[in-house]
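This report refers to the structure that appears directly beneath it.
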Amino acid sequence: MNADPLPLPPERMPDLSALARRAVSAGAAARRCSVIAPFTGQVIGELPCAAPEDVQAALQRARQAQAGWASTPLAGRRRILMRFHDRVLAERERLMDLIQLEGGKARVHAYEEVLDVAINARYYAARARRILGPHWRRGALPIFTRARLYHHPVGVVGVIAPWNYPLTMAVSDAIPALMAGNAVVLKPSEFTPYSALNAARLLDECGLPPDVFQVVVGDGPVVGAALAAGADFIQFTGSTVTGRAVARIAAERLVKSSLELGGKNAAIVLDDADLRCAVPGVARAIIANGGQLCVSVERVFVQAGIYERFVGQLVEYLGRLRLGAAFDFSTDVGSLLSRAQLDKVQAHVSDAVTKGARLLAGGRPRPDLGPFFFEPTLLEGVTPAMQVYADETFGPVASLYRVETDEEAAARANDTCYGLNADVWTGHSARGRRLALRLQAGTVNLNESYAASWGSIDAPMGGMKQSGLGRRHGPEGLLKYTEEQTVAEQSILPLFFLPGFSRPLLAKLLVWYLRVTKHIPPLR
Ligand code: NDP
C-alpha cells in the first residue's frame with residue numbers, strides 16, 4: 001500500500017457514493033465490496049453487492065421494461081444513442097479520470113476506451129436500420145412466393161465484463177444489444193464497477209427508459225453465474241476458463257452466448273519491415289494497458305535477417321518509456337490492476353529466468369511508482385517448459401523468437417490454443433496479406449499493432465480456437481442479439497398446386513424448372 005495521496009486533484013474526484021447508489025442491491029443487508037485505486041492501493045469506495053435474488057429481480061424488471069423499449073421506433077432508440085455519443089465525448093476528461101482511478105492505466109489507454117464507446121454508439125445508431133431490415137429474401141418460387149426476414153430482439157441480454165477496459169468492455173457490447181431493442185443487465189468486474197455505473201447514469205440522462213440498462217455488482221461466480229442463469233442471451237468477455245463455465249450454463253439452458261476470451265497474440269516482423277514503424281508498433285502492442293489487453297502482443301517472431309537490429313531498437317525503445325501514476329498524458333505505461341496481477345506477471349518472468357530465459361529489458365516491479373507497477377519486459381530463449389511460453393501473462397511481457405521463413409513464422413504463431421489477434425510487419429502488402437491468411441487469428445493487423453482491426457468497427461472482431469465463440473462489431477455484433485424470423489407469403493397460387501396438372505405432371509414440371517433455373521444467376 002502506497003501512503004502517497006492519489007495524484008488526482010480533489011475537485012476532479014468523481015462522486016463515487018452517488019455512483020454506488022445506482023448499483024442494484026439487496027439494501028442494507030447487502031455484502032459490501034471495496035474498490036481500490038491501483039495507483040496507490042488505497043480503498044476508494046465501497047458498494048453493495050447484489051445477491052442472486054437481486055439479479056433475478058433485475059432480470060424481471062428488465063423483461064418488463066424491454067417490451068416498451070422494443071416498441072420504441074428505431075429512430076427514437078437511435079436518438080438516445082447519438083445523444084450518448086455526444087455526452088461521452090463531452091465528458092471525456094471525467095470519464096478518463098474515473099477509468100484511471102479504478103483501473104490504474106495510463107491516460108492514453110483510458111482515452112482508447114472513450115473513443116471506442118463513442119465509435120460503437122455512432123456506428124450502431126447510424127447503421128441499425130440497414131442491418132436490422134426487414135429484408136426481402138428469395139422465395140420458394142419466384143413471383144409466387146415472397147419471403148421477408150425480420151429481426152426481433154432476444155429479450156434481456158446479460159453482459160458480463162472484465163476489469164481491463166472497464167468502460168469499453170461494459171458498454172460497447174451493450175450498445176448494439178440496446179439498439180436491437182433488448183434490455184441489458186450488466187455485471188462489471190467487482191474490481192472496476194464505477195465506470196459501468198457512470199455509463200448507466202449517462203444513458204439515463206440521455207433518455208433511456210428506466211430498467212432498460214441495469215448494473216449488478218458482485219462476485220463473479222455468484223452474480224455472474226446468476227445472470228447467466230436468467231438472461232436470454234449472454235455476452236461474456238473474460239478468461240477462457242470462466243468463459244467455459246458460462247458456456248456450460250448457456251448450453252444447459254439452450255440460450256445463445258457470445259464469448260470473447262483470452263489470447264497469446266503474436267507479432268511477426270518480416271525482414272522487409274520498416275523498423276521506424278515496427279519498433280514503436282510492437283512496443284505499443286506489448287505495453288497497451290500494461291499488457292492487460294486481450295489483443296496485446298506476448299510473442300514476437302522476428303526474421304533472422306533483421307533480428308539483432310530490431311531487438312536492439314525495441315530494447316532501447318522500451319527503456320525510454322515513461323512509467324508512472326499520472327492523471328494526464330505525461331506517461332506511457334500505467335500500473336497493473338492488483339497484487340494478484342503483479343504476482344502472476346512476476347511469477348511468469350521468474351519462472352522463465354530460473355529455467356534459462358535471458359532478460360533483455362525490464363523484469364522488475366517498481367514499488368517506487370506504486371504498489372503494482374511492473375516494467376515492460378522482453379525475454380529471449382523462452383522454451384515450452386516455461387509458463388510464459390503458452391499461458392496468457394496479461395502483463396507487459398513479451399518473448400522474442402528468431403524465425404527463418406514466412407512459413408515458419410506462421411506455424412510458430414499458430415502453435416497456441418488461442419487465436420485472437422496477430423500483427424504482421426512488412427514492406428510488401430501482398431506478402432503480409434498472404435501470411436495473414438495463414439494465421440489462425442480472428443483479427444490480423446498489417447503494419448499496426450491492434451488498433452487498426454479493433455477500430456475497424458464495420459468488420460467483425462473475435463477469437464478463433466479457445467479465444468472465443470461469436471463476434472462483436474459490424475453487422476455480426478448487432479444481429480447476434482436478435483432472433484431471426486422468416487415470413488413467407490404465397491400469392492396467386494399455392495405451392496404444389498396447378499389447376500389441371502396431375503401430381504406426376506407437376507413433379508416433372510418442377511424438375512424441369514430446377515434444371516432450367518440452375519443456369520440463371522441469383523438476383524443478389
Ligand atoms: P475473468 O474471467 O476472471 O472475469 C470476467 C468476468 O466474469 C468478471 O466480471 C468476473 O467477475 C466474472 N466471473 C468470474 N467468475 C464467473 C463465473 N463463474 N460465472 C460468471 N461470471 C464470472 O476475467 P478477467 O476479469 O480477469 O479478465 C481478463 C481476461 O479477459 C483475460 O483472459 C483477457 O484476455 C480476457 N479479455 C478478452 C477480451 C476479448 O475481446 N477477447 C477483451 C478483454 C479481456 P469478477 O471480476 O467480479 O469476479
Side-chain angles (χ1 to χ4, degrees), residues 23 31 33-35 47 49-50 52 55 102-103 105 109 112-113 116 120 158-173 185-196 215-231 234-250 252 257-265 288-298 336-338 340-341 344-345 391-395 416-421 441-443 450 453-454 460-473 477:
R31 183 176 80 80
C33 54
S34 306
V35 178
L47 299 97
C49 289
V55 178
E102 62 179 353
K105 61 181 65 184
H109 302 126
E112 290 177 338
E113 299 209 40
D116 182 72
N120 269 281
V159 176
I160 302 176
W163 47 262
N164 65 330
Y165 274 65
L167 181 65
T168 288
M169 288 299 147
V171 186
S172 291
D173 287 325
V185 178
L186 161 69
K187 191 214 115 31
S189 169
E190 203 177 347
F191 294 104
T192 55
Y194 288 117
S195 295
V215 181
V216 288
V217 176
D219 196 26
V222 177
V223 174
L227 184 54
I234 306 157
Q235 169 61 44
F236 173 83
T237 307
S239 62
T240 298
V241 172
T242 313
R244 249 191 221 109
V246 168
R248 270 196 291 272
I249 300 176
E252 186 59 40
S257 61
S258 186
L259 309 169
E260 319 290 340
L261 310 178
K264 188 77 184 173
N265 309 304
N289 194 28
Q292 304 165 120
L293 170 66
C294 53
V295 287
S296 68
V297 158
E298 297 194 0
L336 298 180
L337 176 89
S338 61
Q341 274 302 112
K344 184 179 173 204
V345 171
D391 294 355
E392 185 184 41
T393 305
F394 222 49
T416 165
C417 66
Y418 295 111
L420 191 56
N421 183 51
T443 48
Y450 56 87
S453 59
W454 190 284
M461 184 272 152
M464 296 183 182
K465 302 197 281 190
Q466 294 189 20
S467 287
L469 284 177
R471 295 291 184 266
R472 57 162 62 99
H473 295 173

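Nothing fancy with the numbering, it's 1 onward along the sequence. These numbers were taken from a predicted model, which means no experiment stands behind them. Counting starts at 1 for both ligands and their atoms, in listed order.
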Exercise for the section: Return yes when Phe236 approaches ligand 1 closer than 4.0 angstrom through a heavy atom, no otherwise. Expected result: yes
Close approach of Gln292 to ligand 1, heavy atoms, under 4.0 angstrom:
no
CE (Met169) and SG (Cys294) are apart, to the nearest 0.5 Å, by 5.0 Å
If we number the atoms of ligand 1 from 1 as shown, the ones under 4.0 Å from a heavy atom of Asn164 are 43 (C), 44 (C)
Heavy-atom gap Gly468 to ligand 1 smaller than 4.0 Å: no
Among Tyr418, Phe394, Phe191, closest by heavy atom to atom 28 (C) of ligand 1 is Phe394
the protein heavy atom lying closest to atom 13 (N) of ligand 1 turns out to be Gly220 CA, 3.4 Å
Any Ala161 heavy atom less than 4.0 Å from ligand 1: yes
With no hydrogens and no angle check, is any side-chain donor or acceptor of Lys187 less than 3.5 Å from a backbone partner on Gly158?
no
Minimum side-chain heavy-atom gap Val295-Met461 below 4.5 Å
yes
### Geometric N/O contact Ser467 with ligand 1, under 3.5 angstrom
no
the protein heavy atom lying closest to atom 27 (O) of ligand 1 turns out to be Pro162 CB, 3.3 Å
Between Trp454 and the options Asn421, Thr168, Thr443, Asp116, the side-chain hydrogen bond (donor to acceptor under 3.5 Å, both in side chains) test singles out Asp116
| request: Could you check if a side-chain atom of Val215 sits within less than 4.5 angstrom of a side-chain atom of Pro188, using non-hydrogen atoms only? | output: yes
Note: ligand 1 atoms sitting under 4.0 Å from heavy atoms of Ile160 are 6 (C), 7 (O), 9 (O), 12 (C), 21 (N)
Per-atom filter on ligand 1: closer than 4.0 angstrom to a heavy atom of Thr242 are 1 (P), 2 (O), 3 (O), 13 (N), 14 (C), 15 (N), 16 (C), 17 (C), 22 (C)
dist Phe394:CZ -> Leu337:CG (nearest 0.5 Å) comes out at 9.5 Å
Ranked by distance from atom 35 (C) of ligand 1, the top protein heavy atom is Gly238 O, 3.2 Å
re atom 40 (O) of ligand 1, the protein heavy-atom contact at minimum distance is Arg472 NH1, 2.7 Å
For Val246, the ligand 1 atoms with a heavy-atom partner under 4.0 Å come out as 20 (C)
Please report whether ligand 1 has a polar contact with Ser189, defined as an N or O pair separated by less than 3.5 Å (distance criterion only).
yes
Margin query: With a 4.5 Å cut-off on side-chain heavy atoms, are Cys33 and Val35 touching?
Written below: no
Exactly one candidate in Gln292, Glu112, Glu113 meets side-chain hydrogen bond (donor to acceptor under 3.5 Å, both in side chains) with Tyr165; the answer is Glu112
Looking only at protein heavy atoms, what sits closest to atom 26 (O) of ligand 1 is Trp163 NE1, 3.0 Å
So the atoms of ligand 1 within less than 4.0 Å of a heavy atom of Leu420 turn out to be 41 (N)
Could you tell me if Tyr418 and Glu298 have a donor-acceptor pair between their side chains, going purely by distance under 3.5 Å? no
Any heavy atom of Ala245 under 4.0 Å from ligand 1? The part involved is neither
Margin query: Please determine whether any non-hydrogen atom of Gly462 lies less than 4.0 Å from an atom of ligand 1.
Written below: no
Original post:
If only atom types and distance count, is the side chain of Glu102 paired as donor or acceptor with the main-chain N or O of Tyr194 below 3.5 Å?
Top reply: yes
_Any N/O pair Asp219/ligand 1 closer than 3.5 Å_ = no
Atom 34 (O) of ligand 1 sits nearest the protein heavy atom Glu392 OE2, 2.6 Å
Within the distance-only criterion (no hydrogens, no angle test), does the side chain of Ser467 pair as donor or acceptor with the backbone N or O of Leu261 below 3.5 angstrom? no
* Hey, are the side chains of Asp219 and Arg31 touching, using non-hydrogen atoms and a 4.5 Å cut-off? -> yes
(request) Output yes when a side-chain donor or acceptor of Lys105 lies under 3.5 Å from a complementary backbone atom of Asn164, and no otherwise. (result) yes
Among non-hydrogen protein atoms, atom 39 (C) of ligand 1 lies closest to Cys294 SG, 3.3 Å
Checklist entry - Does any N/O atom on Leu261 come nearer than 3.5 Å to any N/O atom on ligand 1? => result yes
Next item on the list: Mark yes or no for whether Thr393, through its side chain, and Gly395, through its backbone, hold a donor-acceptor pair below 3.5 Å.
Entry: no
Q: Report yes if some heavy atom in the side chain of Cys49 is under 4.5 Å from a heavy atom in the side chain of Glu190; otherwise report no.
A: yes
In ligand 1, the atoms that come under 4.0 Å of a heavy atom of Gly218 are 47 (O)
Ranked by distance from atom 18 (N) of ligand 1, the top protein heavy atom is Pro221 CA, 3.5 Å
